[in-house]
Chemist: 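Mind having a look at this structure? Questions to follow.
Side chains included, hydrogens not; waters and symmetry mates left out as well; all remaining heavy atoms used.
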Number of protein chains: 2
Amino acid sequence: MIFAKVAGVSSATVSRVINGSNLVKPVTAERVRRVIADLKFVPYGSATTLKYGRSSTYGLIIPDITNPFFPEFIRSFESILVDHNQDMLMATTDFHPSKMQQTIYRMLVRKVDGIALLAAEIETEPIEAVIHHRVPLVTMDRLLLAPGLSDVAIDYASGMNQAVQHLKQLRHRKIGYIGGSDGPTISDHRVRAFVNAMRSADLEVDPAFIRVGNYRITGGESAMTEVLALRHRPTALLTANDLTAIGALRVIRKNGLSVPKDFSIVGFDDIDLSDIVYPAHYDPLTLARTCRGVLQSAGIVGKES
Amino acid sequence: MIFAKVAGVSSATVSRVINGSNLVKPVTAERVRRVIADLKFVPYGSATTLKYGRSSTYGLIIPDITNPFFPEFIRSFESILVDHNQDMLMATTDFHPSKMQQTIYRMLVRKVDGIALLAAEIETEPIEAVIHHRVPLVTMDRLLLAPGLSDVAIDYASGMNQAVQHLKQLRHRKIGYIGGSDGPTISDHRVRAFVNAMRSADLEVDPAFIRVGNYRITGGESAMTEVLALRHRPTALLTANDLTAIGALRVIRKNGLSVPKDFSIVGFDDIDLSDIVYPAHYDPLTLARTCRGVLQSAGIVGKES
DNA sequence: ATGAAAGCGCTAACAG
DNA sequence: CTGTTAGCGCTTTCAT
């Protein structure tokens with residue numbers, strides 16, 4: 001180590017000083033610290049990673065950073081990481097399973113200490129790779145568990161009940177639902193929760209009022225267009241997430257109708273949007289707790305803190 | 001290498017196969033590939049990083065991921081990185097200089113191959129550290145250059161001219177401006193561009209119409225509150241970015257006034273918000289070009305592609 | 001209280 | 001065409 005020679009010590013001593021070992025004579029430590037500052041010495045993280053297989057880096061995989069829910073999540077997630085001196089490797093899948101596979105591979109190469117996977121694409125292959133390499137993995141709303149695989153699930157039942165009750169109090173009876181993408185994914189849970197909530201509220205579910213979206217604005221738009229084409233329309237709509245709500249809203253406005261006069265729209269994320277009624281389902285606290293759950297499972301945050 | 005023995009070759013050969021060297025007999029290569037797949041072998045990136053000092057990772061530092069401009073930027077940035085098999089280390093400063101310093105340090109430890117710094121906090125010390133370690137650094141709108149330091153600047157003059165001309169055509173004469181944070185930062189450029197644009201349009205600049213914000217919704221709100229308290233009000237407002245515009249909008253609505261009836265508001269980022277007039281200044285193309293500029297300077301993208 | 005040395009996994013140079 | 005080896009920087013054990 002070239003640097004150590006300048007300080008007149010061995011690299012071992014430098015290492016000890018940097019890691020705050022108390023085995024170094026204060027005078028020596030002080031001298032080393034001064035040289036570190038003078039020479040702007042920065043250690044090589046990769047050497048430590050190589051030696052110990054830990055990278056102090058966590059991977060975060062999200063489907064779509066354009067969905068305002070995710071920036072808020074990222075913010076909390078990163079903040080917790082930073083507090084623990086960990087870095088965040090972030091990647092977007094854009095809903096492409098192949099991108100997700102690449103991303104996971106790259107994260108394994110970088111030896112991340114854990115992965116939070118918020119993308120719903122149910123590709124089991126890359127997930128198995130993660131488990132095989134014993135990298136803690138936390139998914140969201142997949143409702144699948146396995147050794148090395150945790151899942152943080154949202155309590156849809158309660159959220160949907162809140163939303164439906166809220167609409168019922170506003171005297172809505174004909175309530176529709178615009179879900180997430182078709183297929184055997186998360187969205188099922190939400191639809192089911194919606195149907196159950198309607199039953200609990202003694203309201204009838206009209207199948208024509210249940211539409212499929214894609215978690216994005218476009219999905220909300222096309223679903224709402226379908227709804228407007230119906231002979232009998234619902235008077236209120238729940239949506240799988242807030243982007244879907246925004247899309248629906250746009251179509252409503254484009255057609256000269258208005259919220260809340262002609263329709264009530266309830267989103268499902270508590271994104272910061274005015275003019276719309278939200279049950280605070282994913283409120284900041286819940287959000288932070290979710291993050292904490294993710295990181296607890298990954299083992300970097302203790303159960304209490 | 002334990003793994004290499006299973007395949008009956010040396011680690012060097014495995015390395016050659018992985019890196020696509022043509023010095024390996026096809027039969028051998030095939031056999032190695034099969035074992036790689038069977039054993040789900042994933043190389044240790046940190047070993048390569050240690051050997052060559054390159055990590056194939058780029059750092060992206062932003063002030064506030066809650067500002068919708070940044071997710072859109074991140075998306076483009078990451079997409080270009082992924083195309084080049086690079087990873088993204090992302091960090092938020094939340095406008096805290098100390099966070100920025102920590103972040104940069106951590107990125108140096110991780111031996112990132114380049115840093116894109118979109119946060120405006122003008123702390124020269126951490127920036128000097130980056131330059132000292134010869135890590136390519138690209139800033140945005142700092143308008144400062146140095147060896148190893150590039151800057152991608154936005155053409156405010158043109159944007160402001162577009163905006164002012166647009167408002168003038170709508171017959172506005174009393175146009176105000178809500179800027180970014182106070183102090184000797186970027187926002188200066190924008191204010192100056194605004195004043196110049198007004199002059200070019202032969203419109204008078206009323207100092208009372210020029211207000212300070214903070215690039216966030218709250219800043220737009222308080223500045224707009226001040227504006228509403230004025231005896232003579234402007235009829236149109238330009239804002240430093242879109243969040244500021246949203247804040248102003250909120251206050252306008254809260255006071256029973258409306259856009260565009262009582263005020264015209266023009267934001268400055270082209271975020272996806274309806275109901276508001278935007279000159280497409282940071283349109284997707286411009287955005288991508290900006291990213292490309294950032295990455296070109298960092299050396300991972302060629303001048304033409 | 002400090003130094004010497006080994007070893008983490010990879011790859012380029014060299015030897016065969 | 002393939003194997004051997006050195007060395008990247010760090011930390012820890014073992015000497016001293």
Chemist: Taking NE2 from A:H133 and P from C:dG9, how many angstroms apart are they, rounded to a whole number?
Modeler: 13 Å
Chemist: Any donor and acceptor pair, going by atom type alone, linking the side chain of A:T13 with main-chain N or O of A:V9 inside 3.5 Å?
Modeler: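 It does not hold such a pair.
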Chemist: Could you work out how much the helix from C:dA1-D:dT16 to C:dG16-D:dC1 bends, comparing the axis of its first five pairs with that of its last five, to 10°?
Modeler: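 Both end axes considered, the difference amounts to 50°.
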Chemist: Drop me the distance from B:T93's OG1 to B:I62's CD1, to the nearest 0.5 angstrom.
Modeler: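 These two atoms lie 8.0 Å from each other.
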Chemist: Over how many whole Å does the gap from A:R16 atom CZ to D:dC10 atom C1' extend?
Modeler: 12 Å
Chemist: Would you mind telling me which of C:dT2, D:dC10, D:dG3 lies closest to the side-chain atoms of B:S10?
Modeler: D:dG3
Chemist: I'd like a table of atom pairs between the protein and nucleotides 5-8 of chain D - only N or O on both sides, under 3.5 Å - with the distance next to each one.
Modeler:
{"from": "D:dG7", "atom 1": "N2", "to": "B:K51", "atom 2": "NZ", "distance (Å)": "3.3"}

Chemist: Taking atom P of D:dT11 as reference, at what distance in whole Å does atom CZ of A:R54 sit?
Modeler: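 Rounded to whole Å, this separation is 10 Å.
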Chemist: Distance from B:K25 atom NZ to B:E30 atom CD, nearest 0.5 Å?
Modeler: 14.0 Å
Chemist: Base, sugar-phosphate or nothing for A:T28? Non-hydrogen atoms, less than 4.0 Å.
Modeler: sugar-phosphate
Chemist: For the backbone of A:S11 and the side chain of A:S15, can you confirm whether one donor and one acceptor N or O come within less than 3.5 Å of each other?
Modeler: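 Not confirmed, A:S15 side chain does not pair with A:S11 backbone.
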Chemist: According to salt bridge (Lys or Arg N to Asp or Glu O under 4.0 Å), who are the partners of A:R106, at least two apart in sequence or on a separate chain?
Modeler: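 Partners of A:R106 by the salt bridge (Lys or Arg N to Asp or Glu O under 4.0 Å) criterion, ordered by chain and then number, come out as B:D87.
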Chemist: Within less than 4.0 Å of OP1 or OP2 of C:dC10, is there a side-chain N or O belonging to B:T48?
Modeler: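 For B:T48, the contact criterion (side-chain N or O under 4.0 Å from OP1 or OP2 of C:dC10) is not met.
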Chemist: Looking only at atom types and distance, does a side-chain atom of B:T92 sit under 3.5 Å from a main-chain N or O of B:P63, one as donor and one as acceptor?
Modeler: no
Chemist: Could you tell me how far apart A:L23 (CG) and D:dT16 (C1') are, to the nearest whole angstrom?
Modeler: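 Going from A:L23 (CG) to D:dT16 (C1'), I get 15 Å.
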Chemist: Has A:S15 got a side-chain N or O lying under 4.0 Å from the OP1 or OP2 atom of D:dT11?
Modeler: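 Yes, such a contact exists.
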Chemist: Measure CD1/B:I36 against C1'/C:dC10 and give the value in whole Å, please.
Modeler: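 Rounding to the nearest Å, CD1 of B:I36 and C1' of C:dC10 are 13 Å apart.
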Chemist: Return yes if some donor-acceptor pair links the side-chain N/O of A:N19 with the main-chain N/O of A:S21 below 3.5 Å, else return no.
Modeler: no
Chemist: Please tell me if the side chains of A:L89 and B:M90 come closer than 4.5 Å, counting only heavy atoms from C-beta onward.
Modeler: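 With C-beta onward as the side chain, the pair stays apart.
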Chemist: Atom CG of B:N19 and atom P of C:dG9: how far apart are they, to the nearest Å?
Modeler: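 So the two atoms are 17 Å apart, to the nearest Å.
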Chemist: Rounded to whole Å, please give me the gap between CD1 in A:I18 and P in D:dG9.
Modeler: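 Answer to the nearest Å: 13 Å.
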Chemist: Mark yes or no for whether B:T57, through its side chain, and B:S55, through its backbone, hold a donor-acceptor pair below 3.5 Å.
Modeler: yes
Chemist: Could you tell me the separation between the CZ atom of A:R110 and the C1' atom of C:dG9, rounded to a whole number of Å?
Modeler: 15 Å
